[in-house]
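In what follows, a single structure is set out as structure tokens and then discussed.
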Amino acid sequence: MANTSDFKNGLVLKIDGKLQQIIEFQHVKPGKGPAFVRTKLKDVVSGKTVDKTFNAGVKVETATVDRRDMTYLYHDGSNFVLMDDKTFDQIELSENMMGDGAKFLLENTVVQVSFHEGEPLFAELPVAVELKVEHTDPGLQGDRSTGGTKPATLETGAEIQVPLFIETGNLLKVDTRTGEYLSRVNS
């Protein structure tokens with residue numbers, strides 16, 4: 001059991017028999033009336049998000065979640081195959097469990113997988129990854145400071161928008177949560 005003061009992002013709660021992960025929360029102390037906690041919860045199984053308000057000090061049942069580092073091996077078309085770094089056991093995760101950021105994963109990338117009672121729940125990908133640009137159109141002379149963007153295909157096959165000065169072969173840092181270009185990596 002956890003108190004509302006114990007809430008933090010990533011905490012998994014058991015609400016009405018379902019596992020819900022806290023995405024964000026905010027403690028609110030209005031001028032009149034009791035304090036409360038406003039949360040945004042994500043259903044671990046279905047991925048749906050809901051807003052829920054708790055009165056301050058309320059006890060909520062937490063779920064025991066075991067987080068393990070696993071190495072991404074390959075994508076077999078419908079599932080992602082990962083290997084436990086300690087036991088060398090392999091598991092398959094669906095595309096839903098991996099999330100949208102999976103299109104930025106290279107083989108042998110370490111991913112953190114959360115388990116509840118031995119069953120995998122979801123994967124937490126690295127926040128940023130470094131990927132090489134496989135193809136992008138050349139930028140025009142004089143377009144280097146206009147702030148425009150152009151499409152670029154990365155080595156994983158994902159396509160993102162990059163600044164005009166990026167060229168084929170550049171190494172980029174990409175945010176796996178949003179798919180945005182972060183910076184160019186000097187190699």
Side-chain angles (χ1 to χ4, degrees), residues 1-70 72 79-80 82 84-85 91 93-105 109-131 146-149 151 154 156 158-163 172-185:
M1 296 293 268
N3 195 321
T4 55
S5 61
D6 300 327
F7 281 7
K8 60 183 178 188
N9 291 343
L11 182 68
V12 179
L13 307 174
K14 258 187 181 174
I15 301 172
D16 300 328
K18 293 182 179 179
L19 297 178
Q20 308 265 345
Q21 182 181 26
I22 297 176
I23 297 173
E24 55 187 58
F25 68 97
Q26 178 183 19
H27 290 277
V28 180
K29 295 179 184 171
K32 288 184 176 180
F36 59 91
V37 180
R38 188 177 295 137
T39 62
K40 183 178 272 190
L41 302 171
K42 176 182 170 188
D43 188 307
V44 173
V45 177
S46 70
K48 265 201 271 186
T49 59
V50 293
D51 294 325
K52 187 162 177 69
T53 304
F54 297 92
N55 291 328
V58 169
K59 293 211 180 284
V60 182
E61 187 178 356
T62 58
T64 306
V65 176
D66 176 30
R67 300 183 198 287
R68 291 187 229 158
D69 285 340
M70 303 191 89
Y72 165 63
N79 291 318
F80 292 86
L82 295 103
D84 190 313
D85 295 337
I91 63 164
L93 295 182
S94 68
E95 292 179 358
N96 187 32
M97 288 181 182
M98 290 295 286
D100 294 335
K103 62 186 171 193
F104 300 110
L105 282 183
T109 302
V110 175
V111 174
Q112 196 172 67
V113 180
S114 296
F115 290 85
H116 175 66
E117 296 176 355
E119 290 295 316
L121 299 174
F122 56 89
E124 293 177 47
L125 309 178
V127 174
V129 291
E130 293 180 3
L131 298 170
T146 60
T149 60
L154 304 175
T156 60
E159 191 171 289
I160 64 168
Q161 292 294 317
V162 297
L172 307 180
K173 188 175 264 192
V174 180
D175 188 324
T176 59
R177 299 166 299 186
T178 61
E180 291 179 4
Y181 160 86
L182 294 175
S183 66
R184 185 167 50 173
V185 178

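Atoms considered below: every heavy atom in the structure, side chains included; atoms not considered: hydrogens, waters and symmetry mates.
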Ignoring hydrogens, what is the shortest heavy-atom contact between Val113 and Pro120? Give both atom names and the distance. CG1-CB, 4.3 Å

Derivation and outcome, side chain to side chain contact (heavy atoms under 4.5 Å, CB included), residues Val127 and Arg177: CA-CA 7 Å; Val127 174; Arg177 299 166 299 186; 3.3 Å; yes

Just checking Asp100: does its CG atom have more than 12 heavy atoms from other residues, nucleotides or ligands closer to it than 6.0 angstrom? no

Do Val12 and Gln21 have side chains that approach each other closer than 4.5 Å (heavy atoms only, starting at C-beta)? yes

How about Ile160 and Phe104: do any of their side-chain heavy atoms sit closer than 4.5 Å? yes

OG on Ser183 to CG on Leu172, rounded to 0.5 Å: 8.0 Å

Output for pair (Met97 CE, Asn79 CG), nearest 0.5 Å, gives 9.0 Å

Would you check, one step at a time, whether the test side chain to side chain contact (heavy atoms under 4.5 Å, CB included) holds for Val37 with Gln26? CA-CA 6 Å; Val37 180; Gln26 178 183 19; over 6 Å; no

Please give me the minimum heavy-atom distance between Asp84 and Met70, naming the atom from each residue. N-CE, 3.3 Å

Would a distance-only check, ignoring hydrogens and angles, find a side-chain to backbone donor-acceptor pair under 3.5 Å from Thr176 to Pro126? yes

Mind checking the CD-OG1 spacing from Gln20 to Thr49? Nearest 0.5 Å is all I need. 10.0 Å

When rounded to the nearest 0.5 Å, the distance separating CG of Leu13 from OG1 of Thr39 is 7.5 Å

For the student: nearest non-hydrogen atoms of Ala102 and Leu125, plus distance: N-CD1, 3.5 Å

Any side-chain heavy atom of Leu82 sitting closer than 4.5 Å to one from Met98? yes

Where Ile15 and Val60 come nearest, the two heavy atoms and their spacing: CG1-CG1, 4.5 Å

Has the side chain of Thr156 got a donor or acceptor atom that lies under 3.5 Å from a matching backbone atom of Leu105? no

Would you name the heavy atoms of Ser5 and His27 that are closest together and state the gap between them? CA-CE1, 4.1 Å

When Val174, Leu154, Thr149, Val162 are each screened for side-chain contact (heavy atoms from CB on, under 4.5 Å) with Tyr181, the one that passes is Val162

Would a 4.5 Å heavy-atom cut-off, applied to side chains only, mark Val129 and Lys173 as touching? no

Report yes or no: do Arg67 and Ser114 form a side-chain donor-acceptor pair below 3.5 Å? yes

Looking only at heavy atoms, which two atoms of Ala35 and Pro30 are closest? And how far apart? CA-CD, 4.1 Å

Between Leu19 and Phe122, does the side chain to side chain contact (heavy atoms under 4.5 Å, CB included) criterion hold? Intermediate values first, please. CA-CA 11 Å; Leu19 297 178; Phe122 56 89; over 6 Å; no

Would you say the side-chain atoms of Thr4 pair up with the backbone N or O of Ala56, donor to acceptor, closer than 3.5 Å? no

Kindly compute the distance separating CG (Leu41) from CD1 (Ile22), expressed to the nearest 0.5 Å. 6.0 Å

Classify the angle between the aromatic ring planes of Phe7 and Phe54 as parallel (below 30°), tilted (30 to 60°) or perpendicular (above 60°). perpendicular

For the atom pair OG1 (Thr62) and CG (Asn3), what is the distance rounded to the nearest 0.5 Å? 11.5 Å

Using a 3.5 Å distance criterion without hydrogens, assess whether the side chain of His116 forms a donor-acceptor pair with backbone atoms of Thr64. yes

